[in-house]
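Indexing begins at 1, ligand by ligand and atom by atom, following the structure's order. The residues of the chain are indexed from 1 along the displayed sequence.
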Amino acid sequence: MLFIKSNQCGSRLLQRHVSSFHLKPLRINTRIKVLQLKMHQLPPNTVRLLSSSQVITSVVNVVKELTENSLDAEATSVDVKLENYGLDRVEVRDNGSGVRAEDAPVMGVRHFTSKISSHQDLESLQTYGFRGEALGSICAVAEVTVTTKTKEDDISTQYALDLSGNIVSQKPSHLGQGTTVSVQRLFKNLPVRRQFYSTTKKCKEELKKIQDVLMAFAIVKPELRVTLYHNKVMLWQKSKMADHRSALVATLGPNVVSHLQPFHHRHEDPEIILDGFLPKPGADLSLSSSSSADKAFIYVNDRPVQHKEITKMVRQHLGALQAEEARARFPTFVLRVSVSAAAVDVNLTPDKTQVLLHHKEAVLTAVEDLLVSLYGPQTSAKVQHAEEQPGLKAPKASSDSTKEIREDPTEKSKDIGAETSTNSKPRALVSTKEMKKGINTEASSHCPTSNNSSSSSIADDWIVDQIPANFSLCDDDEATQNFLTAANLDGNSLERLGGGLGAFSTEEWSRGTALRDPDSDKPLQPVTILRPSSEPAKDEDKSSPSSSRPISNAIIEKRAALTAYDVLANRAVRAPLSPAALFEKETRAEVVSDNPKASLHQINAAVREKWKTLSQEERQKFEDRAQKHMEHHEQARAASAETPRRVSAQGQKRKALSNQQLLDELFSAQPQKKLKNSVSKPSRTVGCSLASLRQNLPRLASSPPSAPLSPCPISRLASQGSWLLLAGHKLLVLNPFRVEEALLFQRLMDNNILPTVALKDPLPLTEESLGGAENMDALCSMEKQSPELDGSVVFSDLRLVANGFKIKLSPDRQQVQVTAMAECVPFLGLGDLREILTAVVQKKTRAVSGCRPLKVSNHLKGEAVRLVRQMPSHFSREEVSEILRRMETQLEQSHRTCLHERPFTHLLCELPSTEQEARAVATPLHL
Ligand code: ADP
Ligand code: MG
């Protein structure tokens, strides 16, 4: 099959991705199957760009790859069965489209795929798989059978594949439509790898990882039914669900989900849509978190990925609201990032769990904005938290900075009220109390527990409660009540609920209108972002009287855009609002009070309609106010720009730098501003004019080529430690790190000896396993040590030893065994020993570097890169000269590319050698 993008133009594509988690059931099937094409081999240049060579390193890899294949085949049901933690058998059965008989002969052969045709197709990738390597890699380390039937086939066929993925036998089978891949005796030829699973602890960890992988798919694919069995015992299952929320409940359980809130956030240019579920501000993190990041479900275009920076951001924002002990935990959350397919590179790691976001900074900023809108600016939240906690002293300066950003004394009292209401714990508790009131036996009988729930039995973290059968179909409020019923809320926590607050509906609660200021009877705002100006915001108050203070819907509202100085100065300055945004803020409250039952969608539509029909004078009013906002904003910025040092002196600066990345990004995005405000740098005027340059250039050019032909360093460039070189008439930019890597790699190839680890069971070698009698003879004739006490002889030939093989000849000289092997090279095995011997026999190679197996040389490349990364970030002129000298003497001309096959140098320009050329060079200077 070939999956073809239906429409790559960003926003339409996103539209499909973003059937929001909470607003409506997801109609997700972003993969549009347009036509079925034969499976085909990828062209070599594409393979070179894609190849990962080692996809399968663990049982979890096998399960993930096979599940992805099932999902790519549009399966709606996937059963994963393991025996002996997957080492004896992994079976993944699906009800997908199946493999056509004519494709079967190549399905297990590396680089045959039906998903892409060339590297360019990655720009519009709609499938999980694309390298055509997984089945082939699994075949190389296990015994694989594939049973498959397409819609057109009458019966299914079972194919047995050999080590290279070719069919060795086939027979009819009784299975229905879909594909069942059975992987037996995994890592049978990789004793070191099997040894990795020698402890039960390791095996259990692997099982847990497998469940986590399946959970990730289960959450993002509500329509998917998944089961996981181990030794015929069902460990976990999730039924088909109607929407993401239900899928989440079925996967994580209602207790956890009751602590999460849905969100939807859109960022424009580049278009980024974020949606999912994050802990409610008042959620008890000890319930909605785990001790590792395994419940942080991050997806990029529905592909489960790991993203440390996003996880860290969420932790920081939530941690700021939590008690000390909860901060060490990892919050449970689901974050879907939807961007256009062309803006993601998934061809990064063999297991595809990391992606390269082309607009990473924009995505991180969007996430930061989202978090700020949900939890408030991080630093002030911390301050607030510290103030609330009697045991935790707020830093002195914090009260000052809090004071500094107050708007005026009247606002202050309101803020205090707001802060109390923002105090998340009581807020959540009040709501639960009120909601509990609504819970009756009827509600429970409405929602009997069912087998549709997820269940688990392996690790504590996995235990998920039974859930009500119709849970997924309830709307938010019912659902919340049902959560509470199912969760059997503990009585003590309810006792702690604050008294004195009138009853309110959960709807009011979710709209933020539940808590009201006792004086004005206006809804309290959950988060108030205060202006950093010390000057009272009279204008603003006049123009937006408190009676019409809007109900802030932090999720929908435009985000506060932080600037670098805001972060430095430890204060948030809200971006000025447009007239329409101001109108929306005000009108939303009216619309909600007029029609309390309106959905968010209806509210938005009503507000838009009102804006359209607004009279000219009214519109002008908002335009004036927007203008004032803008002025305030400018003032606030100016104020914060003037006093960053003061804040620093108060010891706050460090705290504010909670997100160095954001800061870096902000600085790089505001070069002029930085220049304007930075301390003036010492400068020197250099006598130079364009006219003299123009005169001198031709003279230089016409003078005999005195410039050296071998490259000589001129000056270091500011970025990336690059150097400007002059080689003859060529002006070049050199990346000295690339040269260092190549030099180091060459040294490692020549000399490095891989450390070995003794095998539990030595591996006997036969002519067959070594690839023929010739290879065995070559091995036996290699250099050996003198016999050991028991008469056995160890091979000392560097070509074996340096490549991580310790081989022994038995005392009776009848048996040759591998007794120890390198562990640092994943999957080192007999195939690699064969590779060494073949090089020795066929190329008569004596040098170690000439018979490094591919896996070993890849490992050494990685080592070279790693070691060079530890070097200082800049080289001096002398060092660069030395690097160049070593490059000349030690690297052959043909090897003068870096480990990633990129050139060491980049030609900037050729210096003119004739007057004419010089003029041509000089002409653009007229500009
Ligand atoms: P890739 O997924 O990168 O294409 P794989 O080695 O995982 O590479 O699979 C090779 C091909 O085998 C796939 O392109 C697909 O056409 C076919 N295939 C594998 N598993 C399945 C499955 N479960 N259902 C249908 N086709 C499958
Ligand atoms: Mg695949």
Atoms in ligand 1 flagged as close to E133, the criterion being non-hydrogen separation under 4.0 Å: 6 (O), 8 (O)
Considering all heavy atoms, the nearest M241-A250 contact: CE-CB, 3.6 Å
Which atom of L135 lies closest to which atom of G108, heavy atoms considered: CB-CA, 4.0 Å
Atoms of the protein (N/O/S only) found under 2.8 Å from the Mg ion (ligand 2): N69 OD1
N or O contact, D72 vs ligand 1, cut-off under 3.5 Å: no
Which residues share a side chain to side chain donor-acceptor pair (under 3.5 Å) with S118, sequence neighbours left out: Q120
Interfacing atoms of ligand 1 (cut-off 4.0 Å, heavy-atom, F130): 3 (O)
Those atoms of ligand 1 less than 4.0 Å from some heavy atom in A73: 24 (N), 25 (C)
A75 to D94 - nearest heavy-atom pair and separation: CB-CB, 3.6 Å
Numbered atoms of ligand 1 (with element) below 4.0 Å of V99, judged on heavy atoms: 25 (C), 26 (N), 27 (C)
Ring-ring centroid check H230 Y85, cutoff 6.0 Å: yes
Heavy-atom side-chain proximity of K81 to R89 below 4.5 angstrom: no
For F297, all residues meeting ring-ring contact (aromatic ring centres under 6.0 Å, His included), sequence neighbours excluded: none
Atoms of ligand 1, numbered as shown, that sit under 4.0 Å from any heavy atom of F112: 10 (C)
Heavy-atom side-chain proximity of D88 to L186 below 4.5 angstrom: no
Ligand 1 versus D94: contacting region, heavy-atom distance under 4.0 Å: side chain
Residues which pass side chain to side chain donor-acceptor pair (under 3.5 Å) with N775, listed by chain and number, not counting sequence neighbours: none
Close-contact set for ligand 1 against R131 heavy atoms, below 4.0 Å: 3 (O)
Ligand 1 contact by Y128, heavy-atom criterion under 4.0 angstrom: no
Heavy-atom closest pair, residues V59 and Y197: N-OH, 3.1 Å
Backbone or side-chain N or O of T113 under 3.5 Å from ligand 1 N or O: yes
contact_flag G98 ligand 1 heavy-atom lt 4.0 Å: yes
Nearest option to atom 6 (O) of ligand 1, as decided by whichever heavy atom of V92, T179, L135 sits closest: L135
Note: E741-R738 ion pair, threshold 4.0 Å (strictly below): no
Under 3.5 Å side-chain donor-acceptor pair for T148 and T179: yes
Pairing of R93 and D79 as salt bridge, 4.0 angstrom limit: no
Proximal candidate to atom 13 (C) of ligand 1 [heavy atom criterion; set K115, M107, R100]: K115
Under 3.5 Å: N/O of G136 near N/O of ligand 1: no
S857 and R852 side chains, donor-acceptor separation under 3.5 Å: no
Where ligand 1 meets G129 - atom numbers and elements under 4.0 angstrom, heavy-atom basis: 2 (O), 3 (O)
Within-cut-off N or O pair, L66 and ligand 1, under 3.5 Å: no
